[in-house]
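Working notes, structure below.
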Amino acid sequence: MTELCEFTREALSRGHSREEVREVLLRAGWKADEVEQALSHFADLPFPVPVPRPKAYASPREAFLHLVLFTGLYVTAFSTGALGFALVDLLLPDPVQESMAYGPHDPFGPIRWSAAGVIIAFPIYLWLLRKLRREYAADPQRRVSPVRRWLTAITLFIAAAVLIGDGMSVVTSLLGGEITVRFLLKALVVGGVAAAVIGCHIWDLQGTDTETPSGERLRPGQERLRGLIARSAGVAVVAILVAALGLAGSPFAARERAADERRIQALQSISSAVDAFYTTQKRLPNSLEELREQPDVYLESIRDVRTGQLYEYRKLGPKSYELCATFETDTSATRVVRPGFGNLWNHPAGRHCFKLSVRN
């Protein structure tokens, strides 16, 4: 490339036009992108000698801003995909996967975490993108920053690899006859996120916002298409976030679900303690206070997590009893699954009693 740049400088200094230099280099066998890169080193200005363009630089500030920008992009893309997966799991639950889970399965946990990622990272990404584009407009040479172009290339490579892998998974499942609606929707989420990243940043390798490194503007159709992809991607991210938060409910609803989960854990602890008491005493305890006084019995709590009232305990027979508590949510609405218990600990909102028997 040094030889090519030297030839270009010499030809321009002798009065040959850029078109003449381009044509003779192409006829000599140089590639078009190599010719354009060589010409881009010199500004197209009326001056007796070629005027070199300033070289692209990468200051620590430039590197920091672009690293934060692309980190925001990665977090947004990952969190949006996770939100899409969580929505599919909520709308089309898989009983097999839920039965394999360890401990209570709360479908809203991933939504809260992923929503936090989008809420924090997406505005940062948009703000930095707008800020950098204003700086590019003021200083066009910064558009070819090596930091940005390398990060763009790496991002597009990752997105393309994800898109190819996603397509292969779909075709493999289709050929194996194992394709399901759940799988198709999740594959669509992954493919959509990867395609949006590619669509919004593919032109950054040519130049950046509206020009190539040689100063040529992108075609109006390309600019409109990129703008349409960017706006559609932004609307899709916001729509997925709103839908996920709408299903998950408000923070107050999350607090109510957490309180009910603590109540269920306490009742399960009491049930295990009753089993242990019956094993040693060969009878049911007369009250929760008697049960708690046993030295070899562990109880998480015998009082409601919010009201402080004792949970209700009554003997129904030699081996049967019931435990009662007042709940704030309905498990049919919260969709919390407890593997291994079936519907045993499901409950409506309000006071509810569980009829139980010792397992000895």
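If you read the sequence from its start, that first residue is 1, and numbering goes on from there. Hydrogens, waters and symmetry mates are skipped; everything else that's a heavy atom, side chains included, is used.
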Between [atom1] of [X] and [atom2] of [Y], what distance do you get to the nearest 0.5 Å?
X	Y	atom1	atom2	answer
Arg283	Lys319	CZ	NZ	15.5 Å
Gln294	Leu299	CD	CG	10.0 Å
Cys5	Glu10	SG	CD	13.5 Å
Leu39	Leu25	CG	CG	7.0 Å
Leu12	Phe7	CG	CZ	9.0 Å
Leu26	Lys31	CG	NZ	12.5 Å

Between [X] and [Y], which heavy-atom pair has the shortest distance, and what is it?
X	Y	result
Ala259	Val305	O-CG1, 3.8 Å
Asp275	Ser357	OD1-O, 4.3 Å
Lys186	Phe85	O-CE1, 3.5 Å
Leu83	Ala244	CD2-CB, 3.7 Å
Ala194	Ala159	CB-O, 3.5 Å
Asn346	His352	O-NE2, 3.8 Å

[X] vs [Y] side-chain heavy atoms within contact, under 4.5 Å:
X	Y	value
Phe277	Leu284	no
Phe354	Ile264	yes
Ile154	Phe70	no
Ile164	Met168	yes

ask   = With a cut-off of 6.0 Å (strictly less than), are more than 12 heavy atoms of other residues, nucleotides or ligands near CZ of Phe327?
value =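 Enclosed: over 12 neighbouring heavy atoms sit under 6.0 Å from CZ of Phe327.
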request  = Kindly check if the number of other-residue, nucleotide or ligand heavy atoms within 6.0 Å of CG (Leu67) is above 12?
outcome  = yes
Is the side chain of [X] donor-acceptor paired with the backbone N or O of [Y] at a distance under 3.5 Å, no angle test?
X	Y	result
Ser271	Leu267	no
Glu20	His16	no
Ser269	Gln265	no
His347	Thr329	yes

request  = Could you list the residues that satisfy side-chain contact (heavy atoms from CB on, under 4.5 Å) with Val68, not counting sequence neighbours?
outcome  =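 With sequence neighbours excluded, Val68 shows a side-chain contact (heavy atoms from CB on, under 4.5 Å) to Phe64, Ile124, Leu128, given in chain and number order.
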Linking I/L/V/M/F/W/Y whenever any side-chain heavy atoms sit under 4.5 Å apart, do [X] and [Y] land together?
X	Y	result
Val197	Leu69	yes
Ile119	Leu87	yes
Leu310	Leu356	yes
Trp113	Val118	no
Leu188	Leu241	no

ask   = Do any pairs count as a salt bridge (Lys or Arg N to Asp or Glu O under 4.0 Å) and have a residue in residues 304-315, sequence neighbours left out, and if so which ones?
value =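 Sorted result for residues 304-315: Arg263-Asp304, Arg306-Glu328, Glu312-Arg314, Glu312-Arg351, Arg314-Glu322.
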query = Can a salt bridge be assigned to the pair Glu135 and Arg148 using a cut-off of 4.0 Å between side-chain N and carboxylate O?
reply = no
Ion pair check, Glu261 and Arg257, cut-off under 4.0 Å = no
message = Parallel, tilted or perpendicular: which one describes the rings of Tyr313 and Tyr321, with boundaries at 30° and 60°?
response = tilted
task = With sequence neighbours excluded, give me every side chain to side chain donor-acceptor pair (under 3.5 Å) pair touching residues 117-129.
result =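 Checked against side chain to side chain donor-acceptor pair (under 3.5 Å) - neighbours excluded - the pairs reaching residues 117-129 are Tyr125-His201.
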query = Where do Leu132 and His66 land on the side chain to side chain contact (heavy atoms under 4.5 Å, CB included) test, with the steps shown first?
reply = CA-CA 9 Å; Leu132 288 171; His66 282 93; 4.0 Å; yes
